[in-house]
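Please read these numbers as outputs of a predicted model, since none were measured by experiment.
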Amino acid sequence: MAPNLSKTVLMTALLALPLAAAAPVSAQEAKPREAVISVTGDGESPMAPDMAIVTLSVVKQAKTAREALDENNKAMKDVLDALKSGGIAERDLQTSGFSIQPQYNYPQPVDGQQQPPQLIGYQTINAVTVRLRDLAKLGQVIDQSVTLGINQGGDIQFTNDKPEAALEEARKNAVAEAVKKAKTLSEAAGVKLGRIIEINENEPRPLPQPAYRATMMKEADAAVPVQGGETTYHVSVTVTFAIEP
């Protein structure tokens with residue numbers, strides 16, 4: 001009888017072990033979450049641009065694809081040669097688009113029947129993106145390019161070669177705004193603001209800035225007036241604060 005009694009006691013003890021081990025876990029799950037305040041702060045910092053990125057395109061049409069391509073090649077070569085002669089480095093010139101497309105004429109329906117399209121020629125487009133590090137030459141570069149064959153483009157993005165200083169200032173402004181918001185919220189709620197638990201920065205980006213945008217025409221006969229304005233850099237941060245008990 002004694003051996004059976006010992007086995008019964010041992011089995012009871014083993015069955016009780018999982019319940020005892022589970023007790024701390026349940027206690028952890030029952031522990032209340034830490035009270036926090038999360039806010040987002042936005043910071044900006046302006047900087048005068050020192051660089052412009054402009055896209056210039058040559059568009060040519062001809063009866064055959066070969067003719068359209070040859071005309072386009074000649075015009076774009078003249079443009080690239082002039083840009084390089086003007087001091088723009090190879091690394092600042094990049095082909096950003098090229099296409100050859102058939103051009104069709106769509107006749108009016110005859111007796112209610114749709115007529116097949118008629119091939120009337122081909123169009124070639126060759127685009128080059130220019131990174132210009134001397135803004136004083138921007139208007140002159142656009143004007144000269146149009147004279148040499150550029151007839152589409154003109155989208156300009158003003159930017160900075162080294163925007164780190166502006167971004168650092170924007171980060172400081174963003175954190176300062178987040179702290180100010182958190183203090184306002186805690187005071188309104190009647191609680192005490194505690195330590196910072198977490199700071200997350202969203203990807204910095206420049207805000208839209210003035211840009212010259214137009215379809216270029218060969219008739220341009222004077223340097224294009226262009227104003228760079230300011231580039232404003234924007235940083236957004238999310239800051240989480242503890243609420244003191």
* Side chain to side chain, Leu193 and Ile243, heavy atoms closer than 4.5 Å -> no

* Asked: Any idea which heavy atoms bring Ser57 and Ala127 closest together, and the distance?
  -> OG-CB, 3.2 Å

* Do Lys74 and Asp70 sit within salt-bridge range, that is, some charged N less than 4.0 Å from a carboxylate O? -> no

* Can any side-chain N or O of Asn160 pair as donor or acceptor with the backbone N or O of Ala48 at less than 3.5 Å? -> yes

* Asked: Under 3.5 Å, side chain of Ser145 to main-chain N/O of Ile150, donor-acceptor pair present?
  -> no

* Any chance you could lay out the side chain to side chain contact (heavy atoms under 4.5 Å, CB included) test for Val179 and Val239, step after step, and finish with the verdict? => CA-CA 8 Å; Val179 171; Val239 185; 5.8 Å; no

* Heavy atoms only: give me the nearest Asn200-Glu198 pair and the separation to one decimal. => ND2-OE1, 3.3 Å

* CE-OG1 distance between Met47 and Thr232, expressed to the nearest 0.5 angstrom -> 11.0 Å

* Measuring from Ile196:CD1 to Ile37:CD1, what's the distance to the nearest 0.5 Å? -> 12.0 Å

* **Exercise: identify the closest heavy-atom pair between Ala166 and Ser45** => O-CB, 3.1 Å

* Crowding at CD, Glu90 (>12 non-hydrogen neighbours, <6.0 Å) -> no

* Asked: Atom CD1 of Ile156 and atom CD1 of Ile142: how far apart are they, to the nearest 0.5 Å?
  -> 4.0 Å

* Asked: Can you hop from Met51 to Val128 via hydrophobic side chains spaced under 4.5 Å?
  -> no

* Counting N and O atoms only, with roles assigned by atom type, does the side chain of Gln103 sit under 3.5 Å from a partner on the main chain of Ile120, one being a donor and the other an acceptor? -> no

* Take Thr159 and Tyr233 through the test side chain to side chain contact (heavy atoms under 4.5 Å, CB included) and record every step on the way to the result. => CA-CA 10 Å; Thr159 185; Tyr233 290 88; 3.8 Å; yes

* Leu138 side chain near Phe158 side chain, heavy-atom distance below 4.5 Å -> yes

* Look at the side chain of Asn151 and the backbone N and O of Val59, then say whether any donor-acceptor pair between them is shorter than 3.5 Å. => yes

* To do: Show the numbers, then the answer: is there a side chain to side chain contact (heavy atoms under 4.5 Å, CB included) between Leu93 and Val130?
  => CA-CA 5 Å; Leu93 297 170; Val130 183; 3.8 Å; yes

* Interatomic spacing from OG1 in Thr55 to CD in Gln157 - rounded to 0.5 Å -> 9.0 Å

* Structure fact -> Heavy atoms of Arg131 and Arg91 approach each other most closely as NH1-O, 3.8 Å

* To do: Report yes if the side chains of Glu34 and Ile197 come closer than 4.5 Å at any heavy-atom pair, otherwise no.
  => yes

* Contact summary for Thr240 and Ser38, nearest pair of heavy atoms -> OG1-OG, 3.0 Å

* Under 3.5 Å: donor-acceptor pair, side chain of Asn126, backbone of Asn73 -> no

* To do: Please check if the side chain of Gln115 supplies one atom and the backbone of Gln113 the other of a donor-acceptor pair under 3.5 Å.
  => yes

* Measuring from Glu177:CD to Thr40:OG1, what's the distance to the nearest 0.5 Å? -> 9.5 Å

* Report yes if the side chains of Tyr122 and Leu69 come closer than 4.5 Å at any heavy-atom pair, otherwise no. => no

* When hydrophobic residues are tied together by side-chain contacts of less than 4.5 Å, even through go-betweens, does Leu185 share a cluster with Val191? -> yes

* To do: Measure the NZ-CZ distance between Lys183 and Phe241 for me, rounded to the nearest 0.5 Å.
  => 8.5 Å

* **Leu167-Ile199 co-clustered via ILVMFWY side chain contacts under 4.5 Å** => yes

* Donor-acceptor under 3.5 Å (Asn173 side chain, Glu44 main chain) -> yes

* To do: Report yes or no: do Leu135 and Leu56 belong to one cluster of Ile/Leu/Val/Met/Phe/Trp/Tyr joined by side chain heavy-atom distances under 4.5 Å?
  => yes

* Start with the C-alpha gap between Asp42 and His234, add the side-chain angles, then the distance that decides, and say whether side chain to side chain contact (heavy atoms under 4.5 Å, CB included) holds. => CA-CA 7 Å; Asp42 296 312; His234 176 272; 3.6 Å; yes

* Asked: Do the side chain of Asp50 and the main chain of Asp161 share a donor and acceptor less than 3.5 angstrom apart?
  -> yes

* Nearest heavy-atom neighbours spanning Ser96 and Thr129 -> OG-OG1, 2.9 Å

